[in-house]
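Chain letters run A, B, ... following the sequence lines, proteins first, then strands; residues in each count from 1.
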Protein chains: 2
Amino acid sequence: MSQPEQKEFIHPKGYLSVAKNVGIKDETLDLTVIYSEKRANAAAMFTRSRFPGAPVIVGREHVADGFAQAVVVNSKNANVAMGRPGIDDAREMCRLVAGELGIAERDVLPFSTGVIGRPLPMEKIRAGLKGIRGELEPNGLELAARAIMTTDRWPKFISRRVGNAVIAGIAKGVGMIEPNMATMLVYLMTDAELPANSLKPMLKRVVDRTFNSMSIDTDTSTSDTVVLMANSLAGAVDAAEFERALLDVSEHLAREIARNGEGATKLITVEVSGAKDDAQAKRVAKAVVNSPLVKTAVYGCDPNWGRVIAAIGKCFDDTDIEPAKTTIRFGDAEVFEHGAPVDCDLEALRAYLGKDEVTIGVDLGIANGAARVWGCDLTEEYIKENAYYTT
Amino acid sequence: MSQPEQKEFIHPKGYLSVAKNVGIKDETLDLTVIYSEKRANAAAMFTRSRFPGAPVIVGREHVADGFAQAVVVNSKNANVAMGRPGIDDAREMCRLVAGELGIAERDVLPFSTGVIGRPLPMEKIRAGLKGIRGELEPNGLELAARAIMTTDRWPKFISRRVGNAVIAGIAKGVGMIEPNMATMLVYLMTDAELPANSLKPMLKRVVDRTFNSMSIDTDTSTSDTVVLMANSLAGAVDAAEFERALLDVSEHLAREIARNGEGATKLITVEVSGAKDDAQAKRVAKAVVNSPLVKTAVYGCDPNWGRVIAAIGKCFDDTDIEPAKTTIRFGDAEVFEHGAPVDCDLEALRAYLGKDEVTIGVDLGIANGAARVWGCDLTEEYIKENAYYTT
């Protein structure tokens, strides 16, 4: 897979940034700071991992008051599983940025992505943060999107207009976990003015339908985070229109992350309808999109719907799911209906599975619950990237 | 991996069998019947799949009375997702065997393993079953173990003496699901005399600690089954001793199945201790053994314990799990303790991960719950076997 064509990227007002190399691992960009000239309303959602990274622990504290003014991100080292010194390092990153920018320490959110279990090279980070005030530039978010990459093959960014305001999003992530240093980080920035107490619930609704509806390899990272900042510089917008645009931006980034999954050659979308409720639909959709045998079948262009059957069958506790009510589609072609195979054109199915984007549809025939999730195929390249990477 | 050395295989009294090729797919053995001269007490455990194969549906009915006298198994076709005709075919297999052997139809348990979604070639099976009474032989269980193979690289069988009695077990399975036609089937046969009502609970206890503590790729089959038959011909045995031997036989077969996982080069054992209870220990152990990133790290001999950390962290609802209480070992070497890395010899760890059998130990430091599970590494060969197999 290669990078899709990018539309013109519009910047929201008042967000400045710097992206640079401080030599954490190699010569690529590895440190970025994004700064909002006006203190922004902010909401964030973090990994549910029981072993969260130090920046997650500190970030949760800092965003709890609903405000943020800057984020600082390093790549190539995750600052995870380092005990107390890791927490101290994350706090120091915030303190240094706050000092440089003349803002409150708790208005800075820290992020690190990369290898687990190694101390952050703080001397390099300290040197890199010195003097950043003078280095901040407008229109720098595309570079910031590059600086947060680890094994991502291309930067992920998008923007949308909402009334007079703009939403911009940047993201990284190629597996759900390091190595290959693969935490998902997403920054959504807008100059819209939004009621402070609406941010968190809106972000949760959007994340559930986008980033939490995507899986590359089931391995949830210790550091996944999505942050939304709204600095109000463009004034008020229609809330419903804003949420639709935020959903659009987030869906684009979620699909980009899945498409760029480690070793992936195809984006897989699984659409489940006719479920008891949306939660059941998502459970079934995730069972299908995460099945190694479905993923390898799609990779090999093998129209083997038996693997989809078996994956659905793994939802043991959903006793209302029955073969006789279930329909399965590859693209528009039905392959299984009412408990029995549909006679179909195998060559046409193989050709369909050869495309860059493949959709598997499942109708459970129970009620009206629905869900859509994204994933990718599983290839030898995934194994190579993850087996031969040496810490 | 190659077939391990087999100990001498002892047959329990009164079990005759036949194994043959009837041409379902190729020239390898594809049909077997195992017959107990005396009607046996029997118990079975079946897949929890919501899309069970036709033989599972019929087998559940037939074993419900606690008796069985014969099993009939074909490989190369799973008889799954075929609707009503599939059920009719499974019943006909039982009826034909019952007629040939002069036993009750409901004392025959049917099994099929192979591709999903194709009609059983009943004319071949009918021809193959004709005259089997005259073909039954004693001491034929090793051949039966071959006849149930699909992509298994070697047959799996073992026996143990218990007092005057013998327990013999045969098994197949290389993924949790077809293709590569990989349902797990296990037949445990003994000539011991055991109280009829003790069979099912004993089988459940043993299966929970063996076959349900093993995972190759998380894809549960539509047809997994474990059957225990006890025909009493060797008289009574000590129940506790018998259960220990049954556990030993089952553990051997479970490890053999994991070791022979599709594409596997290594057997991985994950031992969790110090959990709140055994259920939590098993949940954590399965999260680790099923993590694609842990599996690829072991394949690549990469002592990357950060992936174990992340896998444990995925047990989101186990809020009593804390990094500061957790210890992680590769073999005997501690790599993480009290929330921080242990300084260790990376070369020695790499050498350890290069062995055929690798043990990852996790102590949660909460209470005394424990569990042990088996799995295997994830390799390019798994991808190839599952991507390029064409239905």
Side-chain angles (χ1 to χ4, degrees), chain A residues 47-52 78 80-83 115-117 175 177-179 217-222 290-293 296-297 299-300 302-307 309-316 318-319 321-324 336 338-341 346 378-380 382-384 386-391, chain B residues 47-52 78 80-83 115-117 175 177-179 217-222 290-293 296-297 299-300 302-307 309-316 318-319 321-324 336 338-341 346 378-380 382-384 386-391:
Chain A
T47 180
R48 293 182 65 207
S49 176
R50 292 297 308 150
F51 281 31
V80 171
M82 298 308 298
V115 68
I116 288 178
I177 187 204
E178 97 56 57
D217 57 7
T218 76
D219 269 341
T220 310
S221 161
T222 53
N290 279 329
S291 157
L293 291 171
T296 48
Y299 172 50
D302 179 4
N304 191 333
W305 52 265
R307 298 184 183 187
I309 292 271
I312 300 169
K314 288 195 291 180
C315 298
F316 305 134
D318 289 285
T319 52
I321 295 179
E322 288 176 29
F336 179 83
H338 299 142
L346 286 181
L378 176 60
T379 73
E380 293 97 337
Y382 177 91
I383 310 289
K384 287 189 187 121
N386 287 296
Y388 305 134
Y389 167 94
T390 306
T391 47
Chain B
T47 180
R48 293 182 64 207
S49 176
R50 291 300 306 152
F51 281 30
V80 172
M82 297 309 298
V115 67
I116 287 178
I177 187 204
E178 95 62 53
D217 56 7
T218 77
D219 270 341
T220 308
S221 162
T222 52
N290 279 330
S291 158
L293 291 171
T296 47
Y299 172 50
D302 180 3
N304 190 333
W305 52 265
R307 298 184 182 186
I309 292 271
I312 300 169
K314 288 195 291 179
C315 298
F316 305 134
D318 290 285
T319 53
I321 295 178
E322 289 176 28
F336 180 83
H338 298 140
L346 285 181
L378 176 60
T379 73
E380 293 97 338
Y382 177 91
I383 310 291
K384 287 189 187 122
N386 287 296
Y388 305 135
Y389 167 94
T390 307
T391 47

Q | Between OG1 on residue B:T296 and OH on residue A:Y382, distance to nearest 0.5 Å | A | 5.5 Å
**Q.** Distance in Å, B:I383 CD1 paired with A:T379 OG1, rounded so as to fall on 0.5 Å steps
**A.** 6.5 Å
Q | Non-hydrogen atoms of A:P341 and B:A81 that approach each other most closely | A | CD-O, 3.2 Å
Q) With sequence neighbours left out, what residues match B:D318 under side chain to side chain donor-acceptor pair (under 3.5 Å)? A) B:Q280, B:R283
Q: Would you name the heavy atoms of A:G117 and B:W305 that are closest together and state the gap between them?
A: CA-CH2, 3.7 Å
Q. What is the distance from atom CZ of A:F51 to atom NZ of B:K314, rounded to the nearest 0.5 Å?
A. 13.5 Å
Q | Straight-line distance of B:I309 CD1 to A:R50 CZ, nearest 0.5 Å | A | 12.5 Å
(Q) Once rounded to the nearest 0.5 Å, what's the spacing between atom CG of A:N304 and atom CD1 of B:I116? (A) 7.5 Å
Q.
Please rank A:A340, A:G83, A:P323 by heavy-atom pairs under 4.5 Å with chain B and give me the top one.
A. A:P323
(Q) How long is the straight-line distance from CG of B:N290 back to CG of A:N290, given to the nearest 0.5 Å? (A) 11.5 Å
(Q) Using a 4.5 angstrom heavy-atom cutoff, name the option from B:G339, B:P292, B:A324 with the most pairs to chain A. (A) B:P292
